[in-house]
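Read the structure below first, then the notes.
Excluded from the calculations below are hydrogen atoms, water molecules and symmetry mates; all remaining heavy atoms, backbone and side chain alike, are included. Whatever order the structure lists ligands and atoms in, that order sets their numbers, starting from 1.
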Amino acid sequence: MRMSKLPHVGTTIFSVMSKLAADHNAINLSQGFPNFPVDEKLIATYRQKLDENVHQYAPMPGLPRLLTEISVLIESSYQRQLDPNTEILVTAGATQGIFTAITALIETGDEVIILDPSYDCYEPTVSLTGGVPVRIQLNEDFLPDWNRIEDAISERTRMIIINNPHNPSGRIWSKSDMDTLEAILVKHPRVLLLSDEVYEFITFEQKHISAHVYPTIYNQLITVSSFGKTFHITGWKMGYLTAPEALMTEIKKVHQFNVFCVNSVAQAVLADYLPTVDVHALGAFYQEKRDLFASLLAKSRFELLPCDGTYFQTAKYGNISTESDIEFCKTLTTKYGVAAIPTSVFNGDGTDQRVIRFCFAKDNETLHQAAQKLCKI
Ligand code: PMP
Ligand code: GLN
């Protein structure tokens with residue numbers, strides 16, 4: 001019998017918890033996706049595009065108009081000028097972007113540093129391509145321990161993957177953290193940085209500092225973005241990568257045989273829509289939801305942890321139960337009618353910090369109903 005290529009991987013926690021929520025008719029605050037309608041203007045643009053000649057293959061790297069609009073967005077957000085022809089790639093969500101970048105750039109035996117708790121697609125992708133994942137735990141407060149990270153760098157290290165704003169914790173790195181990262185990368189010019197910034201526009205009091213603002217590391221930098229998060233369209237699976245031309249050339253070699261190109265209608269819609277919206281309003285929109293959810297849970301026995309960005313609120317439940325976080329999330333779903341995500345699944349060694357994650361990208365009524373149930377526990 002052939003061995004599995006991913007022997008330690010089962011079904012992703014997002015599928016597991018969403019199914020459990022559906023099976024038990026629980027309010028689903030587990031998998032991260034909004035449950036409110038998307039902007040009517042976006043839908044109207046989509047309807048209009050369907051009548052246009054946009055139904056055949058798009059150019060492999062992306063529709064030129066969309067690539068240009070993405071470069072405009074990056075320049076207005078981070079004051080960085082990118083060449084839309086050579087440094088940007090439209091992908092089928094951030095997930096395909098991450099897969100394609102890692103596949104293109106990581107060779108057998110290359111070490112890739114992953115910071116735990118980490119988003120669940122990083123490690124399997126590195127393993128599939130023959131790389132060696134090196135998983136380093138973030139501090140108790142989910143912020144980086146630079147000594148530990150620097151100690152993990154060896155002559156085999158080829159990439160560091162970071163995720164800021166961070167899923168699952170909702171934390172954002174300080175300027176000092178980003179400066180330290182820059183210094184480490186400058187010291188190790190062979191090491192690439194894969195910066196997953198899919199929640200870049202969902203930030204609150206403290207704005208995230210993008211890796212885009214560090215010119216000294218441009219030659220090493222690949223960034224990952226997702227329209228799914230920014231425009232409440234997770235099901236469209238639309239995102240993009242940026243990389244310097246030399247790296248992007250390699251990434252495109254893989255992309256052309258992975259998907260060739262991404263959904264042409266969605267690209268045409270986003271090219272029209274992008275210049276008409278203010279993505280910087282997203283933070284205030286979600287901040288209101290974060291604050292509502294937190295105020296509703298104030299009288300509960302959950303201990304809410306800091307949430308600087310993303311649409312995730314983490315919580316400790318030690319006052320309620322001594323169960324493992326996985327067991328507790330099952331109980332929460334099946335007995336109390338609210339589904340959440342256990343964070344231990346994002347740790348390479350399964351470390352259980354007894355912290356669970358709620359998604360608050362929901363209409364206010366759903367947040368009220370969920371909080372009512374959670375306050376009874
Ligand atoms: N990275 C992180 C940190 C995420 O949370 C997600 C999904 N929510 C992704 C990547 C994948 O994004 P997409 O749905 O655009 O593939
Ligand atoms: N990124 C989303 C989350 O963290 C889920 C994406 C998925 O279902 N693969 O919940």
Item checked: Candidate with minimal heavy-atom separation from atom 1 (N) of ligand 2, of Tyr119, Phe14, Phe312 -> Tyr119
Notebook entry, point to check: Considering only heavy atoms, which of Lys229, Gln31, Gln96 lies nearest to atom 7 (C) of ligand 1?
Noted result: Lys229
For [X] and ligand 1, does the shortest N/O to N/O distance drop below 3.5 Å?
X      : result
Thr234 : no
Gly93  : no
Tyr199 : yes

[X] to ligand 2, any heavy atom closer than 4.0 Å:
X      : result
Met17  : no
Phe33  : no
Asn167 : yes

Note to self: Please list the nearest protein heavy atom to atom 14 (O) of ligand 1 with its residue and the distance rounded to 0.1 Å.
What the structure shows: Lys237 NZ, 3.0 Å
Check: To which protein heavy atom is atom 8 (O) of ligand 2 closest, and what is the distance rounded to 0.1 Å?
Finding: Gln31 NE2, 2.6 Å
Next item on the list: Select one of side chain, backbone, both or neither to describe which atoms of Arg357 lie under 4.0 Å from any atom of ligand 2, heavy atoms only.
Entry: side chain
Notebook entry, point to check: With backbone taken as N, CA, C and O and side chain as the heavy atoms from C-beta onward, which portion of Thr95 lies under 4.0 Å from ligand 1: side chain, backbone, both, or neither?
Noted result: both
